[in-house]
Every structure is written in C-alpha cells, then in structure tokens.
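These notes concern the structure reproduced below.
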Amino acid sequence: MKKAYFCRLLFLVLSIGLSGCFAHLYAQESDQHEQNSHANPHVHHVDSSMAISPAFMPVNFAYLPGTFFNPVEYEPVDISMFHKTDYDPLCSSSNLYQQLGTYCQAHKSMLFDYQHEPGFSMLQSPYPLYFKQLKDLKYYDVQTSFTDLAYTIGFAPEHNFSATHTQKIRQFNYAVNLNGYSNNGQFMNQKTQMLDLNLILHYETPKDVYGVTAAYILNHLNCQENGGISDYSLFTNRNFWEDMRDPNKPIANPSAFSVTFPNAVSRINTHDAFVQQYVNLKDKKGRYYGTLVHSTEFGKVSSNFLDYNLNNDFYQNQYYINTDTTSDSLNYYNVVNTLQWANYKPLSPVSDNNYFIRIAAGIRHEYVNAEMPFYRGNNFTTFARTNIRLFKVWDLYGSFAYSFNHYNRNDAIANLAAQFTISKKMKHYIGGGIDFYRVSPDFLYTFYIGNNNVWYNDFRKENNLKVNAFWTIFDYKLSFNYYHLGNYVYLNSHFEPTVCEKSVDVVQFNFFAPVRYHNFYMDANLALQHSTQGCVSVPLFAGKLHAAYAFNIFRKRLRIMIGGDLLYNTAYTADGYNPILHQFYVQKDVKVGNFLYFDASLTLQVQRISFFVKGGNLIAGVLNYNYFTTPYYPMQAQSVRIGITWRFYD
C-alpha cells in the first residue's frame, strides 16, 4: 500500500516537472498558436509560414456511410484541451454506460435504445464502444496528412495506446487507426487485453467516373472473466475510516475479495471487410443519370468462454457436456452483396441547394454460416430510401426494407423523419421521426447449445415502435423518445430467453448542454426515463457533468486546464452480466446507483502536445462502498492516470 502511494506521488512530481519541458518545447514552435484560444477551445490559428508540421491545419471527417449510404456531413476533428482526458470512450460526457468496473470490459447504455439493421442478427455486442463496426469508421478530408498519437498509463496498472494517421496522395485517401488496451484491474481475475485495428482506403478517378472504398476492421479481446465478487454485502458494509487506520487489513485490499470465476477467461475475435465500387452514369455531354453501386461485406465472429474448477453456486449443477471444464464457443460468418442505384454517390456531402430529391433503391443478399449455434441460410432484402428538401428549410427522410427467405422472412423496417431549419447559422433545428421494426429476435435467443444452457425457441416477431422529437440550437440538444415494444425478447434471471408478457412503454427525455463561456467549459448530459415493465430496467435519472477552467502562463506559452467529472444515477435494478453468453440479463435482486462518482484532472498543453493527470473515483468509500454500475461488479476505487497526446501535420 505504501509503495502504491509512493508511485502516485512520484508521478505527480514528474507531471509538474514536465510542464517546464513543455514550455521549452513551445519556444521551438510558432508563437502564433491559439492566441485567442481562451475564447473558444475549438478555434485555432494556422501557422503563418505554413512550414512542414505546422501548429494547426484544418482536418475534417465524416463517418463511413457503409452499404446504406446517405450524403455525409463533415465536422472538424476536435483537438481542444477540454476532451483530452477522455482517453477512453467510457469517459466521454456523451456516454452514460454501466460497466464491469474497469475499462475495456463489457458495458451497456443506461439510456434505453432500440435499433435493428436489415438482415440477419446473431447477437448484440456487449462492447459497443470498443468493437468497431463500419458505421464507426471515420473518413478524413485532409489537405496532406494528419497524425494523432496518445498514450495513457494508470494504476492497477493499465495502459492505453491509440494512433491515427490519414493521408491524401493524389486520388488516394487512406486512414489507419490503432487502439490498444491492457488493464490488470483491482480485483482477482480481472485482467483485460484488447486490440482494435481499422483501415480505410478510397480512390476516385480524376474525371469522377469510377470510385472504390475499401475497409477492414479487426477486434481482438482476451479478457479474464471473474463474474463479479461473490459476497456483495461483505464489500458494501465496510467502513472507510477503519480501513484507513489499518491499510494492511485484508478486507481493504480489493484483490482479497473472492469472485465467482477465479479461473474463467474469454477470447473474442471479429473480422470485417468491406469493398464498395461505384460508377457515375454520364453521357458524352456530361449529363448525370445516377450512380450504380455494388458493395461486398464479409464478417466473421469467433468467441470462446473457458472455465475450470467450476463454481456450482453459479452453474447450479446444470451441465450438458462436462462437469469439470466448460468451453462455450460461438462461431459464424456472413457474406453480403448489395446492388443499388442512387442519384447521388457515396461519400458525397450534404447539398446546400434549396430544393433537391435524393433517392436510392436496391437489393441485398446475405449468406450466414454458423457452426455454434448451427445455422445456414440465405436472406434477400429489398430496400429504398429518400431525402427531400423543400422550400430551403424542410428536410424529409424516409427508408423501407423488407426481407424474405429463411430466418428473417417477412421482416420489415420503416423509418420516417423530418427536420425544420430555423437558423442554419445558429444550428437551430426542430424535428422528429417514427421508426417501426417488425423483425425476428437475435438468433442466439432462438437456438443455442452450450455446456450450461440449451434452448430452442419459436418466438413471434418483435413489433417495436420508436417516436422521437428534438430541438437543437448551436450544440445544445433537447430530445424526447417514446418506445412501444411488443413481443420483446430478453434474458431472464435464469439466463433463458423469454418474451415480456405485456407490451413495454419507455419514455425518455435527454438534454445535452455544451457550455462555453470565456475560460470556463462544461458538458452536461442529463436524462430522465421511465419503463412500464420490469423487463426493461432503466434509472429514473442518469447524468454526467464534465467541467473545466483554463488559463495561460509563461506569456501564454503554456495553457493549463483544471477540470472535474461527476457521474450520478438513481438507484435501480440494473441488468446483470453473464460472461458465458456475453450478454446482459434482467435481474431483480440487487439495486445499484445513488452514488456520486467524482474525477479530477489537470491538463497542460503546448502547441501540439498535451499532457494530463487524472484522479478517478476520488470519494470512493468516504460515504459508502456502493460504487457499482452493474450488480456484483464494483467500480475501481481511487486511481491515478497519466496521459500524453501529440499531433502532427505535414
């Protein structure tokens, strides 16, 4: 314990010393950088000489539209100080998630949401913020090249590395993104290692006749699964002041607590490849007749849960294959081909015209081969979508998809939305939409064979409706969502799929406020929710606040930002987590919440280099030990993390 405190103190001293090094680095660069940055952290000034590796060069990005593409909206890369301490996606003020105590492990949004893409679905990933999909990839619009490197070290220990490089060479534009995580955790059998690699390549002929976009995604996870602590009351009923007086007391050491699975481990690998080719149809006079697009996707998922010396209290003596060792696997792949016509091409930006009609239609074929659970099938989906602008201020959106053949036969998805522009300059909009889903449940809920779980179900299709409305001005947003869920399928407390006996209604209000006033910055993300049935469990209130104050020293050569984060949600019976199935399940035995999480941070920035020190969950145990967001999985207690980021422009 004394050694840990000494290490933390040492790193704090090093951080103060590095601030002097940063001041020296600044003198080697342009003095033009961010002279007015105290007014707005997103405003930058281009190096007047525009020499190699200037202090700032405009870089914009848009999310890869994928198969069902629509015109994209580019936004600038956020290189401000304010979000430098968001070294992990679960830290971001826009993400309200329950988690398993450490970063890089399974997590689930506290804000209920329902979405379903056309076609076959095996299961919902429990790593939505880490495991990248096509819709998460960023396509960069860069003048020459841009590189962003970041590294964070923390104690238990933990390491987080990320690197992004994008470059434009004539008609080629490519981007490479690498994220690596390693976390030992504070509790027994909690070590996690994760790697995410994704690449994008885009090429278009000089005369804009032919274009191709290719992407590849690798997600790799090697995770120890402890299943949470065994004795919930023993952990929560501790006394902070007694622990402080006796730091050698075994109960004060998190690694001393027994866990459900002292030996279990999960290994998950996913591979996704995407190639999209398009031809712009033009005559000799240059008249445009639309774009013909062909897309091919390949996805493969392999996961395995391995445990030995089995805990009968959890497995309940229910074994179908082996009583000494369990090895539950899930392996499948799919191949998708899509052919469509559109009167706009992929990666085209949203038009500024006062009137336009954008339409697209096509057919999609998907082949799925699953070894465990066993499934082989073909699926065809016809689809159409449109975007219409009327009278300069009305934007209307619509899409429809209908599937036939095999498991997804007669699935139907329809989406309608509208947006009215009050002031484009002020980003002032109001709008809303309706989404309807008549779809088959995830196949995992229909058929599964494992060492401890076996089922074959014949569920009816889910009938889910979402109605939403929003109001935005600048970057402030107030939204309302209403969900009506029929035949809703979920995992019950016995880890078995079941249908909610009654329809479920969920009402949700969300307010996001990015406050910027002189040297003060704040993001507030607040949500109110209510569910009429226990099969959808949500907190009445959940909110996250990220605030900071910035100032300059050393003749404005060094910028310092002092910040803090608050996270709070009301008590509720949050979903538990089953690592064997890699799925969250509904439970009613334990309530979590009603605990205030507080982090504090210090950030230093000189030109393109930023350095931060962050203390996490600083009041853990002072009031009580109820710091859980998922039942039986305590959050980390007090922690210290140090990070550095460095950007390059050429």
Side-chain angles (χ1 to χ4, degrees), residues 8 11 83-110 125-132 136 150-163 177-197 219-229 254-255 259 265-268 525 542 544 546 563 565-567 569 574 577 579 582 584 592 595 597-601 612-618 620 627-645:
R8 296 178 185 181
F11 272 96
H83 292 289
K84 290 300 180 186
T85 56
D86 294 348
Y87 62 93
D88 187 280
L90 284 170
C91 295
S92 173
S93 54
S94 61
N95 294 325
L96 289 167
Y97 279 74
Q98 64 175 93
Q99 52 184 292
L100 304 189
T102 63
Y103 299 117
C104 303
Q105 293 193 330
H107 50 283
K108 181 176 183 289
S109 178
M110 294 183 187
S125 169
Y127 307 96
L129 295 181
Y130 296 106
F131 277 25
K132 296 295 187 296
D136 301 315
Y151 175 74
T152 301
I153 183 172
F155 307 94
E158 65 179 90
H159 304 273
N160 179 357
F161 172 77
S162 66
N177 185 267
L178 175 66
N179 294 287
Y181 305 88
S182 177
N183 190 345
N184 285 353
Q186 293 183 341
F187 294 85
M188 184 189 304
N189 201 45
Q190 203 180 29
K191 185 175 181 179
T192 302
Q193 293 178 324
M194 181 180 290
L195 178 70
D196 161 49
L197 170 68
N219 295 302
H220 169 76
L221 171 71
N222 190 343
C223 175
Q224 292 180 342
E225 303 273 16
N226 65 20
I229 57 175
S255 63
V259 296
V265 63
S266 287
R267 294 183 177 90
I268 303 177
N525 187 5
K544 183 179 285 188
H546 177 38
D565 299 84
L566 295 174
L567 171 65
N569 63 272
Y577 181 67
H582 300 110
F584 286 86
V592 300
F595 183 88
Y597 299 89
F598 172 66
D599 301 343
S601 60
F612 72 84
V613 179
K614 186 171 185 176
N617 202 7
L618 295 179
Y627 44 89
F628 294 77
T629 60
T630 299
Y632 306 107
Y633 287 90
M635 299 287 284
Q636 286 195 4
Q638 290 88 351
S639 61
V640 176
R641 297 175 176 90
I642 300 173
I644 185 171
T645 63

Donor-acceptor contact present, side-chain Asn617 to main-chain Gln636, <3.5 Å: yes
pair Thr152-Tyr103: side-chain heavy atoms closer than 4.5 Å: no
Pairwise side-chain contact, Asn184 with Thr102, heavy-atom cut-off 4.5 Å (strictly under): no
Under 3.5 Å donor-acceptor, Asn525 side chain and Ser93 backbone: yes
Any donor-acceptor N/O pair, Thr629 side chain to Gln99 backbone, under 3.5 Å: yes
Parallel, tilted or perpendicular: ring planes of Phe584 versus Tyr577, cut at 30 and 60 degrees: tilted
Derivation of the side-chain contact (heavy atoms from CB on, under 4.5 Å) call for Val592 and Tyr633: CA-CA 10 Å; Val592 300; Tyr633 287 90; over 6 Å; no
Donor-acceptor under 3.5 Å (Gln190 side chain, Gln186 main chain): yes
Main-chain N/O of Asn219 paired with Lys132 side-chain donor or acceptor, under 3.5 Å: no
Full working for side-chain contact (heavy atoms from CB on, under 4.5 Å) between Gln224 and Asn226: CA-CA 6 Å; Gln224 292 180 342; Asn226 65 20; over 6 Å; no
Sidechain-backbone polar pair: Asp599 side chain, Lys614 backbone, donor-acceptor under 3.5 Å: no
Value rounded to 0.5 Å, distance of CG in Asn160 from OG in Ser182: 10.0 Å
Worked verdict on His107 versus Tyr130 for side-chain contact (heavy atoms from CB on, under 4.5 Å): CA-CA 10 Å; His107 50 283; Tyr130 296 106; 3.1 Å; yes
Residues Gln98 and Thr630: side-chain donor-acceptor under 3.5 angstrom: yes
Flag side-chain contact, heavy atom, 4.5 Å: Cys104 against Glu158: no
